[in-house]
Amino acid sequence: MNPKTAIQMVDLQKQYAHIKPEVDAAIQRVIDESAFINGGEVKLFAAALAQFLEVKHLIPCANGTDALQIAMMALDMPQGAEIIVPTFNYVAAVEVIAFLGFKPVFIDANPSTFNLDVSQIEEKITKQTKAIVAVHLFGQCADMDALMAIALKHNLWVIEDNAQAIGAQYTSHAGKTQFAGTIGHIGTTSFFPSKNLGCMGDGGAIYTSDDRLAEKMQMIANHGQKKKYQYEIVGINSRLDTLQASILRVKLNNLKTYIKNRQQAAAFYDQQLNGNAWFEIPPIAKNSTHVYHQYTLHCRTASFRTELQQALAQAQIPSMIYYPSPLHLQNAYTNFGYQKGQFPIAEMLCEKVLSLPMHTELDNEQLNYICNTIKEKTL
Ligand SMILES: *Cc1c(COP(=O)(O)O)cnc(C)c1O
């Protein structure tokens with residue numbers, strides 16, 4: 001029988017119920033002040049998140065896609081520059097690369113982490129290569145030691161797309177532990193409502209410890225101006241609303257608990273679903289903690305995935321396919337000349353992955369119900 005409360009992929013209503021007084025008060029404060037753009041809450045939130053991530057500069061912006069755009073605009077790359085990016089990924093980085101007149105150079109996925117296969121980067125580097133976008137997919141870090149070594153050797157920029165792994169930590173071979181997004185030159189993130197640190201609309205941020213890049217990105221996010229009405233470079237208009245910043249301040253205070261809740265739900269799934277012949281539970285990357293933006297099964301066959309998704313749907317359990325098609329095969333990017341078969345791991349994963357409900361509010365009754373439904377299907 002389905003548990004009393006409906007199971008959702010992400011339960012934002014239940015999460016809000018726990019912080020309602022603080023969130024409502026924060027929103028009311030902003031309305032009372034009516035400084036809706038660049039109000040005090042924006043600076044306070046930026047400072048608090050910078051402190052949390054142990055990074056020197058953090059610039060809030062309108063969303064995670066803008067964050068990537070601002071980062072790439074700040075790096076002075078020539079038209080046609082080649083940027084290395086995973087094909088098993090959300091579209092944002094590739095969209096920005098194409099939009100800015102650069103060329104996406106795709107890298108296949110590592111099946112044992114779902115992240116980009118760093119061992120394939122070096123063979124793709126040419127004189128035109130200027131940057132690597134390291135995406136920390138589903139909540140754990142890409143292989144940053146190896147990636148940073150390649151970047152250093154070939155003098156490439158590293159942008160970390162940290163929209164899915166805020167709060168994850170990476171420990172280098174040298175024993176240095178850093179937050180995801182603070183290892184490369186620039187980190188970007190999204191506060192889309194379903195992200196691990198989400199607001200109640202759109203939001204994003206860019207962060208770096210490089211003073212010059214920080215100043216430049218601050219200008220780009222604000223029409224390219226240093227002083228009001230003095231435009232130094234071509235910029236865009238990308239701001240985090242004061243209302244969203246005030247909500248994010250409340251949520252940031254709970255981020256450690258949110259991460260712990262997700263990890264506990266993942267541990268429950270792991271324990272119940274491990275050793276199943278029909279799928280593998282999510283792989284764990286070396287040297288990284290996992291903050292479980294997604295809990296993603298790797299099914300043995302495409303047809304089993306379809307059957308499992310149907311069985312879950314019948315039991316009123318949502319599940320999602322992240323991602324149903326790799327980016328190199330999307331119509332928008334055919335002009336870059338990629339073919340089916342070029343990135344076999346990503347193509348295979350798109351046919352076999354299935355993400356289960358994962359959020360901060362899953363209780364044991366719900367988790368039991370989900371796991372039992374899956375186990376019945378695989379008996
Ligand atoms: C969500 C997401 C983004 C974009 O964020 P928006 O705020 O929706 O623009 C970028 N990259 C990845 C990996 C994401 O998951």
Side-chain angles (χ1 to χ4, degrees), residues 9-10 12 45 49 58-73 83-100 104 106-107 109-110 113-116 131-142 144 147 158-168 180-181 184 186-207 217 221 236-241 244-245 247-248 251 262 282 285 288 290-296 320-327 330 332-333 346 349-350 353 355 358-359:
M9 280 306 282
V10 179
L12 296 174
F45 168 66
L49 185 55
L58 187 136
I59 301 146
C61 66
N63 58 65
T65 308
D66 273 10
L68 285 159
Q69 180 172 339
I70 294 161
M72 287 189 212
M73 285 173 76
I83 302 183
I84 288 174
V85 61
T87 184
F88 185 61
N89 183 17
Y90 184 64
V91 69
V94 172
E95 177 178 59
V96 170
I97 289 168
F99 181 75
L100 293 176
F106 288 115
I107 295 286
N110 179 342
T113 62
F114 300 139
N115 271 317
L116 78 169
I132 306 171
V133 182
V135 184
H136 302 311
L137 203 67
F138 299 158
Q140 62 182 350
C141 292
M144 291 306 287
L147 192 148
V158 175
I159 298 170
E160 294 176 74
D161 180 348
N162 196 31
Q164 300 190 6
I166 201 151
I186 302 174
T188 66
T189 200
S190 163
F191 306 122
F192 186 83
S194 64
K195 297 285 155 83
N196 287 26
L197 177 61
C199 58
M200 295 184 173
D202 274 311
I206 318 130
Y207 40 102
M217 293 192 294
I236 62 172
N237 171 28
S238 189
R239 301 183 282 238
L240 179 69
D241 289 351
Q244 300 303 341
I247 294 162
L248 283 164
K251 292 236 198 163
R262 285 172 180 273
S288 176
H290 201 325
V291 295
Y292 291 99
H293 178 58
Q294 298 299 340
Y295 186 91
T296 303
M320 293 290 283
I321 296 167
Y322 300 118
Y323 296 95
S325 169
L327 297 171
Q330 296 282 352
Y333 305 106
L349 289 175
C350 289
V353 288
S355 295
M358 173 49 74
H359 54 80

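These numbers were taken from a predicted model, which means no experiment stands behind them. Indexing begins at 1, ligand by ligand and atom by atom, following the structure's order. When a residue number appears, it is its place in the shown sequence, counting from 1.
- The side-chain contact (heavy atoms from CB on, under 4.5 Å) search around Glu95 returns Thr65, Val91, Tyr333, not counting sequence neighbours.
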Identify the protein atoms, limited to N or O, that lie within less than 3.5 Å of an N or O atom of ligand 1, and list each pair with its distance to 0.1 Å.
{"from": "ligand 1", "atom 1": "5 (O)", "to": "Ser190", "atom 2": "OG", "distance (Å)": "3.3"}
{"from": "ligand 1", "atom 1": "7 (O)", "to": "Gly64", "atom 2": "N", "distance (Å)": "2.7"}
{"from": "ligand 1", "atom 1": "7 (O)", "to": "Ser190", "atom 2": "OG", "distance (Å)": "2.7"}
{"from": "ligand 1", "atom 1": "9 (O)", "to": "Asn63", "atom 2": "OD1", "distance (Å)": "3.4"}
{"from": "ligand 1", "atom 1": "9 (O)", "to": "Gly64", "atom 2": "N", "distance (Å)": "3.3"}
{"from": "ligand 1", "atom 1": "9 (O)", "to": "Thr65", "atom 2": "N", "distance (Å)": "2.8"}
{"from": "ligand 1", "atom 1": "9 (O)", "to": "Thr65", "atom 2": "OG1", "distance (Å)": "2.5"}
{"from": "ligand 1", "atom 1": "11 (N)", "to": "Asp161", "atom 2": "OD1", "distance (Å)": "3.3"}
{"from": "ligand 1", "atom 1": "11 (N)", "to": "Asp161", "atom 2": "OD2", "distance (Å)": "2.7"}
{"from": "ligand 1", "atom 1": "15 (O)", "to": "Gln164", "atom 2": "NE2", "distance (Å)": "2.8"}
{"from": "ligand 1", "atom 1": "15 (O)", "to": "Lys195", "atom 2": "NZ", "distance (Å)": "3.1"}

| request: For Phe191 and Phe45, run ring pair (Phe, Tyr, Trp, His ring centres under 6.0 Å): C-alpha distance rounded to whole Å, both residues' side-chain angles, the deciding distance at 0.1 Å, then the answer. | output: CA-CA 12 Å; Phe191 306 122; Phe45 168 66; 5.4 Å; yes
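- Among residues two or more places apart in sequence or in another chain, the ring pair (Phe, Tyr, Trp, His ring centres under 6.0 Å) test is passed with His293 by none.
- Although no hydrogens or angles enter the test, the distance criterion places a donor-acceptor pair under 3.5 Å between the side chain of Asn115 and the main chain of Leu137.
- Every side-chain hydrogen bond (donor to acceptor under 3.5 Å, both in side chains) that Tyr323 has, sequence neighbours left out, goes to Gln164.
- Checked against a 6.0 Å centroid threshold, the rings of Phe192 and Tyr90 do not count as neighbours.
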